[in-house]
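Below: one structure, written as structure tokens.
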Amino acid sequence: MPLTPQDASRRIRDICRAAPIVPVLVVRDAAHARPLAEALVAGGLPALEITLRTPAALEAIRIMSGVPGGIVGAGTLLTPEDVRAAKAAGAQFGVSPGATDALLEACEAEGLPLLPGAATASEAMALLERGYDMMKFFPAEASGGAPALGALAAPLPRVSFCPTGGVTPSNAPGYLRLPNVTCAGGSWVAPAKLVEAGKWGEIERLAREASALAQAA
């Protein structure tokens, strides 16, 4: 069913409120998908962003969509074709580094709530004008980090962000305490070495530590 931008933003905001950190995942082997998702969900991080950067990504989305408690999304959506493929694979939301009219229209038509990227006030204003008020701030650290994002809070009080790109356990609390930040995206909770080694208990531990960052903030 098609979504309006306002409905899409409401849904994506609810997803972002599920936990302080959204794991940004690069899955290279679909066999890792289910135990990886189970470990992250068990650790308190239900919203999972699988980036469309590997041949295994769509299959990983299909598999992870069957994990109880998980909210599975597709990241690095760039084209309408990406949107349709992600939705067909079972993605419940999408994430993009930026936003184009074609991408926004495809997500709205497919009924896929999108977290669109914005790195400047003008980009955020353009999305807000269309009806989006929940956005991804990317690349966060390269765009000025928490001070730059915090500076947008006063002139854009209706806009909330999920900063992604260079977010780490040490700087995440600085983002999470900002009034215009709902959650943050990070890849450190599922490092490639632990995934390849099948260290699901270690990944669950990292997820638990990440889920507690809201208290630190």
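Keep in mind that what you see is a predicted model, and the values were worked out from it rather than measured. In this chain, numbering begins with 1 at the start of the sequence shown.
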Are more than 12 heavy atoms from other residues, nucleotides or ligands located less than 6.0 Å from atom [atom1] of [X]?
X   : atom1 : answer
E81 : CD    : yes
R11 : CZ    : no
R28 : CZ    : no

Does a side-chain heavy-atom distance below 4.5 Å link F161 with L178?
->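 Not in contact.
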State, yes or no, whether a side-chain contact exists between K136 and P116 at a heavy-atom distance under 4.5 Å.
->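 When only atoms from C-beta onward are counted, P116 and K136 do not touch, as no gap falls below 4.5 Å.
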Would you give the length of the straight line joining atom [atom1] of [X] to atom [atom2] of [Y], rounded to the nearest 0.5 angstrom?
X    : Y    : atom1 : atom2 : answer
K87  : Q92  : NZ    : CD    : 10.0 Å
I71  : S65  : CD1   : OG    : 11.5 Å
N180 : C162 : CG    : SG    : 12.0 Å
M125 : T120 : CE    : OG1   : 9.5 Å
L3   : E110 : CG    : CD    : 10.5 Å
L52  : I61  : CG    : CD1   : 5.0 Å

Would you name the heavy atoms of [X] and [Y] that are closest together and state the gap between them?
X    : Y    : answer
A184 : L176 : N-CD2, 4.0 Å
P46  : A19  : CD-CB, 3.8 Å
C107 : V83  : SG-CG2, 3.6 Å
G166 : N171 : O-ND2, 3.1 Å
M64  : L36  : CE-CD2, 3.8 Å
G94  : L112 : N-CG, 4.0 Å

Would you kindly confirm whether [X] and [Y] end up in one hydrophobic cluster when ILVMFWY residues are joined by side chain heavy atoms under 4.5 Å apart?
X    : Y    : answer
V95  : I12  : yes
L77  : F93  : no
I21  : W200 : yes
I15  : M135 : no
F137 : L115 : no

Could you walk me through whether M134 and T182 pass the side chain to side chain contact (heavy atoms under 4.5 Å, CB included) check?
-> CA-CA 9 Å; M134 183 72 219; T182 302; 3.8 Å; yes
Given K193 and E202, is the salt bridge (charged side-chain N to carboxylate O under 4.0 Å, His left out) satisfied, shown in steps?
-> CA-CA 11 Å; K193 288 184 178 179; E202 283 297 297; over 6 Å; no
For M1, the rest of its hydrophobic cluster, which grows through side-chain links under 4.5 angstrom |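 Other cluster members: none.
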Under 3.5 Å, is there a donor-acceptor pair between the side chain of [X] and the main chain of [Y]?
X    : Y    : answer
R208 : A42  : yes
E49  : A74  : no
S9   : D133 : yes
S211 : G43  : yes
S96  : L78  : no

Going by atom types only, do [X] and [Y] share a side-chain donor-acceptor pair under 3.5 Å?
X    : Y    : value
R53  : T76  : yes
S160 : R13  : yes
T168 : S170 : yes

Please report the C-alpha distance between E38 and V41 in whole Å, then the side-chain angles of each, then the deciding distance to 0.1 Å, and finally whether the side chain to side chain contact (heavy atoms under 4.5 Å, CB included) criterion is met.
-> CA-CA 5 Å; E38 289 174 340; V41 172; over 6 Å; no
Considering the options V189, L45, V195, which one meets the side-chain contact (heavy atoms from CB on, under 4.5 Å) requirement together with I203?
->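 Going through V189, L45, V195 one by one, the side-chain contact (heavy atoms from CB on, under 4.5 Å) with I203 is satisfied by V195 alone.
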So T51 and L25, side chain to side chain contact (heavy atoms under 4.5 Å, CB included) or not? Walk me through it.
-> CA-CA 6 Å; T51 60; L25 308 172; over 6 Å; no
Output, in order, the C-alpha distance, side-chain angles, deciding distance and verdict of side chain to side chain contact (heavy atoms under 4.5 Å, CB included) for W188 and E209.
-> CA-CA 11 Å; W188 79 86; E209 292 174 355; over 6 Å; no
Less than 4.0 Å between a side-chain N and a carboxylate O, is that true for D101 and R130?
->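 Salt bridge present between R130 and D101.
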